[in-house]
Amino acid sequence: MAGNNNLQLGACAHNEFCGGCSYQGIGYEDQLCAKNDEVKRLLKEKSIDFSEYLGIGGSPDMYRYRNKMEYTFGNMAKGEELSLGMHRKQKFMSVATVDQCQIVDSDFNAALSATLEFCKEKGYSFYNKKTHRGFLRHLVMRRGVRTKELLVNIVTSSQESFHASEYVEVLLNLKINNHIVGILNTICDGLADFINCDKLNVLWGRDYYTERIMDLDFKVGAFSFFQTNVAAAERLYTEAVAMMGDFQDKAVFDLYCGTGTISQVLAQKAKKVIGIELVPEAVVLARENAERNGVRNCEFFEGDVFEVMRKLDEKPEVIVLDPPRAGVHPKALEKIAGYGAGQILYISCNPKSFAENLYSLQYYGYKPERIKAYDNFPFTKHCECVAALRNL
């Protein structure tokens, strides 16, 4: 396995089959240009009337930047041996092993290889998405970049027995640079190809890792949302908050707040921050993180953004949106605009839904003053966008 860590960066060993990175073999400046052009195209297509477009910011790191990866068990073709990695290009039912990936820490590759060999030795079956029979489903790894903490979560069905103590021993004997703080087994019997936690077994250690970002400490659970490129996210947050201008002593709503990262950054200036998040675990951690950092002017609510906002009496003066890839639901967006907040800061990981939501916000009287794109995911087709909007 040591050989996996010595691959020369720049030439991906998995480019022939792996469907994870769509810009392999393309120079980084060309990647930035392509993403920047796509963002501008989508804004033009929706006739977004912005005052200033600030271009695209490149990632601080091109390689080893991802702190989370979700791998799938399967095989390359029917009858072939077990594989663990990413879906093949244009063949979603096939899986290519990616034990030399360059966008993750080399310890991810080592743990993936060890897990795959262990599962082969035990003769476990993998979960078939058509028949819904089989045992192995996913391997999820998460890493604290600043803390060097590693969380390993193997996702299985309940259809076979897992040799937990032997698996723990294999992982703990790995010679790696980070230190493993938790080894988990999530039981997922749902039919959809989505990790739904029916039961979480902590095989060793704990079910979370810690990270430090923007001079604040965060506890991140096994299923909590957290930015996957910490250095890039730190820069994005810093510049996004600066885009907002003066929000001193104002009430801020942080919608889709996750574990409360940007909520606590905003709280350093705002009078009060109210965070809303659908995932219960994330809300619990957001409250713990605020307590951990001594932030007293943050309050977090669990539930659907539209439903929670409907019940709140307090009115925001500034609203921060950082929704999932699908963007903000039209009903929630109408409710958000109805508050009449003076400013909206919109952070998006999907330029398409970003442009669509900006179009709607224009209809409700909000003008995008500054827009900037950020490439937080080199070699992939994805990028983030930020817009600072003012209520006219």
Side-chain angles (χ1 to χ4, degrees), residues 213-214 218 223-227 233 236-237 240-241 243-245 247 250-287 289-290 295 297-366 368-369 371 374 384-391:
I213 185 170
M214 306 283 287
F218 291 91
F223 303 102
S224 302
F225 171 78
F226 201 79
Q227 288 285 347
L236 185 154
Y237 286 156
V241 171
M243 276 189 195
M244 295 170 65
F247 60 98
K250 292 182 179 179
V252 179
F253 276 23
D254 179 15
L255 311 182
Y256 314 94
C257 68
T259 53
T261 311
I262 199 167
S263 301
Q264 294 180 57
V265 174
L266 296 166
Q268 296 175 18
K269 286 186 177 181
K271 177 177 65 178
K272 182 179 182 179
V273 177
I274 289 178
I276 303 173
E277 170 59 46
L278 181 64
V279 181
E281 177 200 43
V283 176
V284 170
L285 290 175
R287 291 167 180 159
N289 288 331
V295 178
N297 58 336
C298 277
E299 190 174 1
F300 297 98
F301 293 89
E302 173 199 329
D304 175 79
V305 164
F306 177 72
E307 293 299 324
V308 173
M309 290 178 70
R310 193 164 56 86
K311 297 174 184 176
L312 290 175
D313 294 326
E314 194 158 1
K315 300 291 186 287
E317 297 167 274
V318 177
I319 292 176
V320 176
L321 300 172
D322 191 357
R325 289 192 58 77
V328 184
H329 190 279
K331 285 187 177 180
L333 203 61
E334 183 179 6
K335 175 68 174 177
I336 289 164
Y339 277 111
Q343 297 168 270
I344 293 179
L345 179 69
Y346 194 130
I347 302 171
S348 171
C349 60
N350 183 350
K352 187 175 187 297
S353 59
F354 174 75
E356 290 170 352
N357 281 168
L358 290 191
Y359 177 79
S360 297
L361 286 169
Q362 281 186 162
Y363 173 80
Y364 293 121
Y366 282 91
E369 293 191 317
I371 296 176
Y374 292 86
E384 301 228 1
C385 298
V386 175
L389 301 98
R390 191 166 297 277
N391 190 350

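Because the structure is predicted, anything quoted here is derived from the model rather than measured.
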S.K.: Any pair with a residue in residues 267-283 that passes side chain to side chain donor-acceptor pair (under 3.5 Å), sequence neighbours left out, goes on the list, sorted by first then second residue, please.
M.R.: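 The answer is Ser224-Glu281, Lys272-Glu299, Lys272-Glu314.
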S.K.: Determine all donor-acceptor pairs shorter than 3.5 Å in which one atom belongs to a side chain in residues 258-265; sequence neighbours excluded.
M.R.:
unit_1: Ser263; atom_1: OG; unit_2: Asp254; atom_2: OD2; d: 2.4
unit_1: Gln264; atom_1: OE1; unit_2: Asn293; atom_2: ND2; d: 2.9
unit_1: Gln264; atom_1: NE2; unit_2: Gly260; atom_2: O; d: 3.4

S.K.: Quick one: list whatever passes ring pair (Phe, Tyr, Trp, His ring centres under 6.0 Å) with Tyr346, sequence neighbours left out.
M.R.: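 Result, ring pair (Phe, Tyr, Trp, His ring centres under 6.0 Å) vs Tyr346: Phe354.
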S.K.: Got a second to check how far Leu321's CG is from Ile319's CD1, nearest 0.5 Å?
M.R.: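 Going from CG on Leu321 over to CD1 on Ile319, the span is 6.5 Å.
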S.K.: Could you tell me which non-hydrogen atom of Pro368 sits nearest to which non-hydrogen atom of Leu358, and how far apart they are?
M.R.: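 Nearest heavy atoms, Pro368 then Leu358: CG-CD1, 4.5 Å.
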S.K.: Mind checking side chain to side chain contact (heavy atoms under 4.5 Å, CB included) for Val308 and listing every partner two or more places apart, or none if nothing turns up?
M.R.: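 Scan of Val308 (side chain to side chain contact (heavy atoms under 4.5 Å, CB included), adjacent residues dropped) gives Ile276, Phe301, Leu312.
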S.K.: Within a reach of under 6.0 Å around NZ of Lys311, are more than 12 heavy atoms found that belong to other residues, nucleotides or ligands?
M.R.: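 Incorrect, the count does not exceed 12.
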S.K.: Hey, is the main chain of Glu369 close enough, under 3.5 Å, to the side chain of Arg390 for a donor-acceptor pair?
M.R.: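 Side chain of Arg390 to backbone of Glu369, a donor-acceptor pair under 3.5 Å: no, none is there.
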S.K.: What's the separation between atom CG in Leu266 and atom CD1 in Ile274, rounded to the nearest 0.5 Å?
M.R.: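 With rounding to 0.5 Å, CG (Leu266) is 13.0 Å from CD1 (Ile274).
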S.K.: Atom CG of Leu285 and atom CZ of Phe225: how far apart are they, to the nearest 0.5 Å?
M.R.: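 Atom-to-atom, Leu285:CG and Phe225:CZ are 14.0 Å apart.
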S.K.: Could you walk me through whether Tyr237 and Asp322 pass the side chain to side chain contact (heavy atoms under 4.5 Å, CB included) test, one step at a time?
M.R.: CA-CA 11 Å; Tyr237 286 156; Asp322 191 357; 4.1 Å; yes
S.K.: Which donor-acceptor pairs under 3.5 Å do the side chains of residues 328-344 make with protein atoms, sequence neighbours left out?
M.R.:
unit_1: His329; atom_1: ND1; unit_2: Lys331; atom_2: N; d: 3.1
unit_1: Tyr339; atom_1: OH; unit_2: Met309; atom_2: O; d: 2.8
unit_1: Gln343; atom_1: NE2; unit_2: Met244; atom_2: O; d: 2.3

S.K.: Closest approach of Phe300 and Cys257, non-hydrogen atoms and distance?
M.R.: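 Reported closest heavy-atom pair: CD2-SG, 3.8 Å.
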S.K.: Which heavy-atom pair separates Ile213 from Ala233 by the least distance, and what is that distance?
M.R.: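 Nearest heavy atoms, Ile213 then Ala233: CD1-CB, 4.3 Å.
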S.K.: Under 4.5 Å between any side-chain heavy atoms of Phe247 and Val252, yes or no?
M.R.: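 Touching, per the 4.5 Å side-chain cut-off.
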S.K.: Looking at CG of Asn357 and SG of Cys385, how far apart are the two atoms once the value is rounded to the nearest 0.5 Å?
M.R.: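 With rounding to 0.5 Å, CG (Asn357) is 12.0 Å from SG (Cys385).
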S.K.: Tell me every residue that passes side chain to side chain contact (heavy atoms under 4.5 Å, CB included) with Asn350, counting only those two or more places apart in sequence or in another chain.
M.R.: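 For Asn350 the side chain to side chain contact (heavy atoms under 4.5 Å, CB included) partners, ignoring immediate neighbours, are Arg325, Ser348, Lys352, Ser353.
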S.K.: Identify the two heavy atoms, one from Ala267 and one from Asn297, that lie closest to each other, and give their separation to 0.1 Å.
M.R.: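 Heavy atoms only, the tightest pair is O-ND2, 3.0 Å.
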